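Atoms within each ligand, like the ligands themselves, are counted from 1 in listed order. Just so we're clear, the structure is a prediction, and the values are computed from it rather than from any experiment.
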Amino acid sequence: MSRIVYVNGDYVPEAEAKISVFDRGFLMADGVYEVTSVLAGRMIDFAAHMARLRRSLAELEMDAPAGEAELEAIHREMIARNALEEGMIYMQVTRGAADRDFTYPEGAEPSLVLFTQARPLRDTAGARNGIRVITVPDIRWARRDIKTVQLLAPSMCKMAAKTAGVDDAWMQEDGVVTEGTSNNACIVTAEGTVVTRDLSSDILHGITRAAVLRFAREAQVKVEERAFTVEEARAAAEAFVTSASSFVTPVVEIDGTAIGDGTPGPVARRLRDIYIEESLKAAT
Ligand code: PLP
């Protein structure tokens, strides 16, 4: 069965979906997106994804493509039409089509596209075995807090990881870790404290990161939001990443160095279990 995608008001089979060649998402990467995970046919943290979308749009002075109630209704319709039980919903918003110019056009209608990806999120090889990462220079722009569709730099970093025969890359600047190519990076100290980079324009403000830190604090796990070095990460007791698609996934190797005993650590495993359990309870 071909997927049904949403394009500017219409639900169409994916092969029939069309967007203008003058769309600024295509010409300028002038667009933002959100990715919401779906478990048991229900969305995880939808309100938080909407809040981040609002912020991304405001930072770029971009009009919203629809009201939030309508965006929610479209998400639900996409789940229903694609019979999505477990997987992701991508929502892409661009400034729309206009003759090519660097300044923002006046009066362009934002483009809105949604598509789904059905895939297992709970039972994954990464969750079972952990993932291996390398560190690479962070070559992205200075506004990583805006969730834009300009994903070429993280694609290049991810390809470097693939070429090196590992699962992902952690990006670093001057020896300090910013985040993973599509996830937030965390380590656990020998004392059991979860350490992850503090929020700024240097990283994306992950929705999963926020939820996991909240759950960790509620479970009496100490949390420190601060920068940490690659060296500190390699010597950590545990490491893990957080994202809407990977939840909490243990990192068992950094730059060829085994983390802890080289298997998924107890803090990461526990936080993953809590995250899934609590997210299922609160899913909408
Ligand atoms: N950091 C980056 C660079 C990302 O691309 C993502 C997700 O795509 C994240 C962090 C995790 O964010 P979230 O938990 O909202 O999925």
**Message:** Show the atoms of ligand 1 that are less than 4.0 angstrom away from any heavy atom in G206.
**Reply:** 12 (O), 13 (P), 14 (O), 15 (O)
**Fill in**
Here the atoms of ligand 1 under 4.0 Å from any heavy atom belonging to A244 are 13 (P), 14 (O), 16 (O)
**Asked** Relative to the heavy atoms of N184, which atoms of ligand 1 are at a distance of less than 4.0 Å?
**Response** 10 (C), 11 (C)
**Request:** Could you tell me if any non-hydrogen atom of L151 lies under 4.0 Å from any atom of ligand 1?
**Result:** no
**Item:** Nitrogen or oxygen of H205 less than 3.5 angstrom from that of ligand 1
**Value:** no
**Fill in**
Atoms of ligand 1 under 4.0 Å from any heavy atom of K147, numbered from 1 in the order shown, are 7 (C), 8 (O)
**Request:** Tell me yes or no: between the side chains of T94 and D30, is some donor less than 3.5 Å from an acceptor?
**Result:** no
**Item:** E225 atom CD: more than 12 heavy-atom contacts under 6.0 Å
**Value:** yes
**Message:** Using a 4.0 Å cutoff against the non-hydrogen atoms of R140, which atoms of ligand 1 qualify?
**Reply:** 3 (C)
**Item:** Nearest candidate to atom 1 (N) of ligand 1, where distance is taken over non-hydrogen atoms, out of H49, E34, E179
**Value:** E179
**Message:** One residue to check: N183. Relative to ligand 1, which of side chain, backbone, both or neither has a non-hydrogen atom less than 4.0 Å away?
**Reply:** backbone
**Item:** Test: E68 and R54 ion pair at under 4.0 Å
**Value:** yes
**K222 bridged to E191 by N-O distance under 4.0 Å** = no
**Request:** Ignoring angles and geometry beyond distance, decide whether L204 reaches within less than 3.5 Å of ligand 1 through its nitrogen or oxygen atoms.
**Result:** no
**Request:** Give the ring-plane orientation class for Y33 versus Y90, where under 30° counts as parallel, over 60° as perpendicular and anything between as tilted.
**Result:** parallel
**Asked** Side chain, backbone, both or neither: which part of V35 has a heavy atom under 4.0 Å from ligand 1?
**Response** neither
**Prompt:** Can a salt bridge be assigned to the pair E278 and K281 using a cut-off of 4.0 Å between side-chain N and carboxylate O?
**Reply:** yes
**Request:** Examine the proximity of ligand 1 to R144 and report which part, side chain or backbone, both or neither, has a heavy atom under 4.0 Å away.
**Result:** neither
**Message:** Over 60° means perpendicular and under 30° means parallel, so tell me whether F228 and W170 are parallel, tilted or perpendicular.
**Reply:** perpendicular
